[in-house]
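In what follows, residues are counted from 1 in the order of the sequence shown.
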Amino acid sequence: MQRLTSTSTPSPVLRSRYDGLTILLHWLTALAVIFLFASAHIWEVLERGTPLRKGLQSVHISVGILLAAIITGRLIWRLFTVSTGRSKQQPVAMPALMKAAAHLTHLALYLLLVAQIILGFLFRWSQAEPFYFFGLFPIPDVFNFDSIMTKTFGSLHNNVAWALIIIAGVHALAALFHHYVLRDGILRRMLPGSAGRP
């Protein structure tokens, strides 16, 4: 008799750190969020109507559009890596409560990022003024909002920005705690280049 051979699919290799594209998109997101939050508060102290204030607002809008593209790319890449098993990491021992908190924090960050991007577009469209991506091309107005909604969208955009920066700050502190206190290599997984290697 012929010996039966196994045709089972081999288990995916567990990674010790994230892939290069995931790391790149993560840090681009972080830099964009920091710039957007800072620029929105810097122009508040600038005199209205000045070229510097208008220029900063224009760059803020363009970086916001860029962030929308980055988050879209992150979500698509995340779905791909999860479905193909490429995102599987080597397990790190930690309490179940800490692991649940980490998952909830990541989910909250993604939801807030998506909400903030949507609110940014709605806020600009409600102002009924054309806006551009780094002066290269205009973003079409796909809605016809009443200007009375501008204040509502603006307020929500500001509140979500504060929630996002607070939770991102907690996320960063947790990463530093893992790195310097627990020393479990969690932070190194997301560091670029040789800095992320054990």
Side-chain angles (χ1 to χ4, degrees), residues 18 20-78 105-176 179 187 190-193 195-196:
Y18 289 99
L21 183 56
T22 297
I23 294 172
L24 175 64
L25 294 174
H26 173 272
W27 291 109
L28 286 177
T29 301
L31 290 173
V33 168
I34 292 170
F35 171 80
L36 290 168
F37 186 80
S39 61
H41 288 82
I42 290 172
W43 81 53
E44 288 299 324
V45 302
L46 300 176
E47 185 178 349
R48 291 181 177 275
T50 59
L52 180 58
R53 180 185 170 106
K54 289 183 176 180
L56 188 57
Q57 289 175 330
S58 178
V59 175
H60 177 95
I61 292 167
S62 296
V63 173
I65 297 169
L66 182 61
L67 178 61
I70 292 171
I71 296 303
T72 301
R74 283 190 71 171
L75 292 172
I76 293 172
W77 183 244
R78 176 67 177 167
T105 300
H106 283 122
L107 178 60
L109 285 171
Y110 272 111
L111 291 175
L112 287 171
L113 282 166
V114 172
Q116 184 68 336
I117 290 166
I118 292 173
L119 286 168
F121 277 99
L122 294 179
F123 180 51
R124 289 302 307 177
W125 283 326
S126 69
Q127 293 175 313
E129 297 176 358
F131 57 102
Y132 296 79
F133 179 67
F134 292 109
L136 298 175
F137 54 84
I139 304 301
D141 186 353
V142 297
F143 296 103
N144 186 22
F145 288 110
D146 193 309
S147 59
I148 197 173
M149 296 298 296
T150 301
K151 186 175 181 180
T152 300
F153 289 140
S155 177
L156 289 172
H157 192 56
N158 181 65
N159 292 338
V160 172
W162 275 104
L164 180 58
I165 211 71
I166 289 170
I167 295 181
V170 171
H171 174 65
L173 289 174
L176 293 174
H179 188 69
L187 177 59
M190 193 57 80
L191 293 178

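- Few gaps surround CD on Glu44; more than 12 heavy atoms of other groups in view lie less than 6.0 Å from it.
- Using modelled atom types, no side-chain atom of Ser58 and backbone atom of Lys54 make a donor-acceptor pair closer than 3.5 Å.
- Using a 4.5 Å cut-off on side-chain heavy atoms (C-beta onward), Arg53 and Arg48 make contact.
- At a threshold of 4.5 Å between non-hydrogen side-chain atoms, the residues Leu113 and Val33 count as touching.
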Arg78 vs Thr22, side chain to side chain contact (heavy atoms under 4.5 Å, CB included): CA-CA, chis, key distance, verdict: CA-CA 8 Å; Arg78 176 67 177 167; Thr22 297; over 6 Å; no
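- Environment of CD1 in Ile148: sparse, with no more than 12 heavy atoms of neighbouring residues, nucleotides or ligands closer than 6.0 Å.
- Using a 4.5 Å cut-off on side-chain heavy atoms (C-beta onward), Phe153 and Phe121 make no contact.
- The closest donor-acceptor contact from the side chain of Asn158 to the backbone of Gly154 lies at 3.5 Å or more, if one exists at all.
- Residues Leu156 and Phe123 have side chains not in contact (no heavy-atom distance under 4.5 Å, counting atoms from C-beta outward).
- Looking at Leu67 and Thr29, their side chains come closer than 4.5 Å, going by heavy atoms from C-beta outward.
- For an aromatic pair to be called close, the ring centres must be under 6.0 Å apart, and Tyr110 with His106 fails this.
- Between Trp27 and Met190, the shortest heavy-atom distance links the atoms NE1-O, 2.7 Å.
- No side-chain donor-acceptor contact under 3.5 Å links Trp43 to the backbone of Leu52.
- By the 4.5 Å heavy-atom criterion applied to side chains, Val170 and Thr105 are not counted as neighbours.
- Taking each heavy atom of Glu129 and Arg124 in turn, the nearest pair found is OE1-NH2, 3.8 Å.
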